Amino acid sequence: MEKITTRADMRHYAARHGAETGFVPTMGYLHEGHLSLVERSRAENRRTVVSIFVNPAQFNDPGDLEKYPVDLERDFAMLRAAGVDAVFCPPRAEIYPRGVPPLQMAYPDLMRRLCGAARPGHFEGVLLIVHNLLQWLQPANAYFGLKDYQQYLLIKKMALDLEFTTNIVGCPLVRESDGLAMSSRNVRLSANGRTQALALSRSLFHAADLWKNGHTVAELRSALASGMASLRTDYAEVCDAHTLEPLHDKATRKAQTLIAVAAFVDDVRLIDNVLID
Ligand code: PAF
């Protein structure tokens, strides 16, 4: 597995292999969810490149950035075993040699909803790094987990509007056997917090059942609120999966509905969602 640490080498890699490459951008501390993206990329491309970069531009809370788990050796071992061809793991100064630029790409309607409401600047930081990574590597396909559904939607929109040649692929959310959505942040949960965190997925599954059985949006919202009553909830929403606009009643049922939640457990912010066709 090749290790690339500079933008120049990433561009060289792109010139030789970009068109046959599938790309999985990550912030490291990998888990089965990331490996499912790697597996998909390997099945669909001749080469797979993974990036590991904890992007300071997308952390609105400096404490969260400081606590973000990092273990590069463990990540490298997992990627080697998964058959990844190259890993891009640049130091921070390589990505932001002049500091994080104030350049911003904004989709105000999509960004002010769900996670964007409580994390100002987060998605601008995500789009900045993903834009740059895709420009440097020029991969044929790039793979993103649908746990970060809003992120996926924004990246897809950016790639379309800026006419990137990279195809943006959304991949199913991966859960632990008890339902908890996999996340690098789960390692920060205490044993008690780990149990409490199950309230997110349980509430979502219950709400999805209610939705399928024809219950109203108000009934779903109240089921979500009571299912998550023991947690500090950031949001629990039922929305149009394309615009993220909240739905209000059965008449606004859309072809695709997203039920999404965010809550704090042990001061760790967790998100989860269910997408209903
Ligand atoms: O989903 C993530 O891990 C990050 O937001 C991403 C896409 C790697 C950008 O830093």
Side-chain angles (χ1 to χ4, degrees), residues 4 7 10 21-38 40-41 48-62 64-72 74-75 78-79 84 86-92 94-96 100-101 103-105 107 110-111 114-116 118-137 139 141-159 162 164 166-174 181-188 260 262 268-273:
I4 304 172
R7 287 174 292 160
M10 188 85 157
T21 294
F23 178 46
V24 180
T26 80
M27 297 207 297
Y29 213 80
L30 306 174
H31 50 68
E32 288 298 321
H34 295 112
L35 296 184
S36 73
L37 305 181
V38 167
R40 173 91 177 258
S41 170
T48 291
V49 174
V50 173
S51 65
I52 300 178
F53 179 66
V54 183
N55 174 32
Q58 69 188 73
F59 285 80
N60 56 306
D61 170 4
D64 191 26
L65 172 61
E66 222 165 84
K67 286 184 216 138
Y68 203 85
V70 177
D71 188 341
L72 279 182
R74 172 184 168 276
D75 290 345
M78 286 169 80
L79 295 178
V84 164
V87 57
F88 180 50
C89 47
R92 204 176 281 179
E94 177 66 25
I95 298 287
Y96 298 121
V100 176
L103 182 73
Q104 284 189 351
M105 193 166 333
Y107 287 107
L110 277 181
M111 280 180 172
L114 304 182
C115 289
R119 302 189 67 189
H122 166 66
F123 286 120
E124 287 85 342
V126 169
L127 291 187
L128 177 65
I129 189 70
V130 172
H131 170 279
N132 288 355
L133 290 168
L134 295 182
Q135 285 299 321
W136 295 326
L137 186 60
N141 297 296
Y143 298 84
F144 297 87
L146 291 181
K147 180 168 85 70
D148 296 297
Y149 182 84
Q150 188 173 13
Q151 163 175 287
Y152 160 76
L153 216 57
L154 283 158
I155 292 170
K156 184 109 186 146
K157 198 160 167 45
M158 171 182 73
L162 298 183
F164 283 5
T166 302
N167 178 36
I168 305 298
V169 186
C171 303
L173 186 159
V174 180
M182 287 196 185
S183 164
S184 304
R185 288 188 163 88
N186 291 351
V187 71
R188 289 173 48 203
V268 181
R269 189 172 182 281
L270 301 175
I271 61 172
D272 198 350
N273 69 68

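Atoms within each ligand, like the ligands themselves, are counted from 1 in listed order. Nothing here was measured: the structure is a model prediction, and the numbers come from that model.
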Atom 10 (O) of ligand 1: nearest protein contact (heavy atom, Å): Q58 OE1, 2.7 Å

Check: S184 side chain, G28 main-chain N or O, donor-acceptor pair, under 3.5 Å: yes

Validation row, ring centre F164 to ring centre H131 under 6.0 Å: yes

Salt-bridge contact D61-K67 (side-chain N to carboxylate O under 4.0 Å): no

Element-labelled atoms of ligand 1 that are located less than 4.0 Å from some non-hydrogen atom of I129: 9 (C), 10 (O)

Parallel, tilted or perpendicular: rings of Y96 and F53 (30°, 60°): tilted

Any N or O of Q151 closer than 3.5 Å to N or O of ligand 1: yes

Ligand 1-proximal atoms of T26, by part, heavy-atom distance under 4.0 Å: backbone

